[in-house]
Undergrad: 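There's a structure below that I have some questions on.
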Amino acid sequence: MTDKITFDLVTPERLLLSEGAEMVTIPGREGDMGVMSGHMPLISTLRPGTIVVSGGDKGDGTYFVAGGFAEVTGAKLTVLAEDAVNLSELDAAGVDARLAIAEKDLSQARNDGDRARAQELIDLLRNVRAQA
Amino acid sequence: MASLKSLRNRIASVKATRKITKAQQMVAASKFRRAQDATVAARPFAEKMGAVIQNLAGGLKDNPGAPRLLRGTGRDEAHLLIVCTADRGLCGAFNTNIVRLARQKIEELQSAGKKVSIFCVGRKGREQLKRQHGHLFVETFEFTGVRRIGFANAQAIGKRVLEMFDEGKFDVATIIYSKFRSVISQNPTTRQLIPAPVEEQKASGGTVYEYEPDESEILADLLPRNVSVQIFHALLENVAGEFGAKMTAMDGATRNAGEVIDKLTLLYNRTRQAQITKELIEIISGAEAL
């Protein structure tokens, strides 16, 4: 592998990460996909999940995202996530805080789409907590 | 002529005021830096999102299947104004300017026979609008106690706005906030949120994307998020503007206090001198009379 893909992870508050990587696996709405340099242009929404960076400039990393969307142009991958955090920096308190918000969202959800989305996030967070 | 004691008291009180305004100015300056950094850091997200939406919306606008947030309700009757102001005063005409623009807009819409409701964000705006337009309030939000405005705050507002839209409470939503230009200049601005404005497509030479899931579903997913992003953007600009305005206002106040102190000190010294002179004359003329 010679060519790297530029990966930008952006949250509303700041640019969380910008680096080159050999492959980035993102949780697309219709299934996980690995994005490498030269990938065809694509826009996809994301489900809550983890982004795995392999062969990154700053090493490998795993990031938690609570949904958002990704844009791929040949040499660049941009992920816009409403909430994203490096999994190694996510502690129990952080998970619990997010879980509380997600549960509130679920109780207030007014249509099936919102409900499913909140449930998905809760499941993921429970999973993360179980592993931690 | 004022007595020496009362002059001394006044000088002391103005000095105390100057200390406070000076401190306020320095606090505002450091908060301003932080607010400005936050605004800059938030820009890439908003820009990217805007670009993708414009890209998608251009092709879907006239499609009857387009999401309602893009198409609108097809009416232009009920307007929602989201008025964003600061929670605190002592920042010059910052809040007043926003409120003035809001009033103008309200009158404009009302004289055109539209129904207006107001969503008040920030304490100062609510206070200033309450007397005249209090009956139009549908919701108020405050950030007292919030140290740094995060995306979650904006999301809460966005969610409420979307709920009201789903309930059919309004057809058009406009946000009024202060666009930050520099420390001395903040422009009150209005921006339409719902339906999302679509610019005329420029020569579409962009990349052809594959969409997953399809375009209208992505758009339906993105538009509600975009409302929150836009609100967040407005809030950040507002915070930067507020502290900028506060810095300028407090700088002016500190300088004015300095001037007043100089003047009072001069008056104090003159009065004291006059009194001494008077006493001397009394002693000398007393001695001469003997």
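Worth knowing before you read on, the calculation uses all heavy atoms, side chains too, and leaves out hydrogens, waters and symmetry mates. Chain naming here is simple, since letters A, B, ... match the order of the sequence lines and numbering starts at 1 in each.
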Undergrad: Please flag which part of B:V52 lies under 4.5 Å from any non-hydrogen atom of chain A: side chain, backbone, both or neither.
TA: side chain
Undergrad: Where does A:E30 contact chain B at under 4.5 Å (heavy atoms): side chain, backbone, both or neither?
TA: both
Undergrad: Looking at A:T78, A:V72, A:D8, A:V10, which one has more heavy-atom pairs under 4.5 Å with chain B than the rest?
TA: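 The option with the most such pairs is A:V10.
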Undergrad: Counting N and O atoms only, with roles assigned by atom type, does the side chain of A:E13 sit under 3.5 Å from a partner on the main chain of B:A41, one being a donor and the other an acceptor?
TA: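 Flag not set: sc A:E13 to bb B:A41 has no pair under 3.5 Å.
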Undergrad: Considering only heavy atoms, which portion of B:Q155 lies under 4.5 Å from any heavy atom of chain A: side chain, backbone, both, or neither?
TA: side chain
Undergrad: Enter the distance from B:F45:CZ to A:E82:CD here, rounded to the nearest 0.5 Å.
TA: 6.0 Å
Undergrad: Name the member of A:A70, A:G28, A:G74, A:G68 that forms the most heavy-atom pairs with chain B at distances under 4.5 Å.
TA: A:G68
Undergrad: Distance from A:T45 atom OG1 to B:E217 atom CD, nearest 0.5 Å?
TA: 7.5 Å
Undergrad: Relative to chain A, which segment of B:L222 carries a heavy atom at a distance below 4.5 Å: side chain, backbone, both, or neither?
TA: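 When you check distances to chain A, only side chain atoms of B:L222 fall under 4.5 Å.
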Undergrad: Give a yes or no on this: more than 12 heavy atoms of other residues, nucleotides or ligands lie within 6.0 Å of atom CZ of A:R29.
TA: yes
Undergrad: Checking heavy atoms, do the side chain of B:F232, its backbone, both or neither come under 4.5 Å from chain A?
TA: side chain
Undergrad: At a heavy-atom separation under 4.5 Å, does B:D37 approach chain A through its side chain, its backbone, both, or neither?
TA: neither
Undergrad: I would like to know whether B:M49 and A:F69 meet side-chain contact (heavy atoms from CB on, under 4.5 Å); could you show each step before the answer?
TA: CA-CA 9 Å; B:M49 192 130 196; A:F69 75 101; 4.1 Å; yes
